[in-house]
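Mind having a look at this structure? Questions to follow.
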Amino acid sequence: FEKSGAVSTFDGPSLIVTGRQDSMSGYLDAVDLLPVFPRASLAVLDAAGHGLTWERPALFSALLRDWLMRMDAAG
């Protein structure tokens with residue numbers, strides 16, 4: 001966000017990951033981030049809450065690897 005309150009965008013590869021059963025921050029709020037990150041991959045992981053890295057480690061790692069490859073390709 002800019003100081004004026006206007007929303008700016010980030011046009012680089014992005015990754016937004018949330019847990020479907022996250023009771024701390026609702027997964028639906030992540031959808032609202034998509035206009036700000038037009039090149040984002042959005043993943044809502046079932047059987048995961050707020051601790052994605054240890055609740056779904058294989059899937060989280062695969063998503064992270066994909067994002068890193070997209071970052072590398074973007075230069």
Hits for side chain to side chain contact (heavy atoms under 4.5 Å, CB included) against Asp32, two or more places apart or cross-chain, chain-then-number order -> Asp29
### Ser14 vs Arg70, side-chain hydrogen bond (donor to acceptor under 3.5 Å, both in side chains): CA-CA, chis, key distance, verdict
CA-CA 9 Å; Ser14 306; Arg70 291 188 297 129; over 6 Å; no
Please answer: with hydrophobic residues joined when any side-chain heavy atoms are less than 4.5 Å apart, are Leu33 and Val31 in the same cluster? yes
Between Ser25 and Thr18 the two heavy atoms that sit nearest each other are O-OG1, 4.4 Å
- Query: Are Leu59 and Leu68 joined in one hydrophobic group, where the rule is that I, L, V, M, F, W and Y side chains link up if heavy atoms are under 4.5 Å apart?
  - Reply: yes
When rounded to the nearest 0.5 Å, the distance separating OG1 of Thr9 from CZ of Arg39 is 12.0 Å
- Is there a path of hydrophobic side-chain contacts, each under 4.5 Å between heavy atoms of I, L, V, M, F, W or Y residues, that connects Leu64 with Met69? no
task = Just do the side chain to side chain contact (heavy atoms under 4.5 Å, CB included) check on Leu34 and Ile16 with the steps written out, would you?
result = CA-CA 9 Å; Leu34 292 176; Ile16 303 168; 4.2 Å; yes
Heavy atoms of Ser41 and Asp66 approach each other most closely as OG-OD2, 4.4 Å
Between Gly49 and Glu55 the two heavy atoms that sit nearest each other are N-OE1, 2.6 Å
Closest heavy-atom pair, Asp11 versus Pro38, reported as atoms and distance to 0.1 Å, is OD1-CG, 3.8 Å
Sorted by chain and residue number, the salt bridge (Lys or Arg N to Asp or Glu O under 4.0 Å) partners of Arg20 (sequence neighbours excluded) come out as none
Are Trp67 and Phe10 linked, directly or through other ILVMFWY residues, by side chains that come within less than 4.5 angstrom of each other? no
Is it the case that one hydrophobic cluster holds both Val44 and Leu15, taking links as side-chain heavy atoms less than 4.5 Å apart, direct or via other members?
no
*How far apart are the C-alpha atoms of Gln21 and Asp46, what are their side-chain angles, what is the distance that settles it, and do they pass the side chain to side chain contact (heavy atoms under 4.5 Å, CB included) test?*
CA-CA 7 Å; Gln21 288 77 29; Asp46 190 32; 2.9 Å; yes
**Request:** Answer whether the closest heavy-atom distance between the side chains of Phe60 and Thr53 falls below 4.5 Å.
**Result:** yes
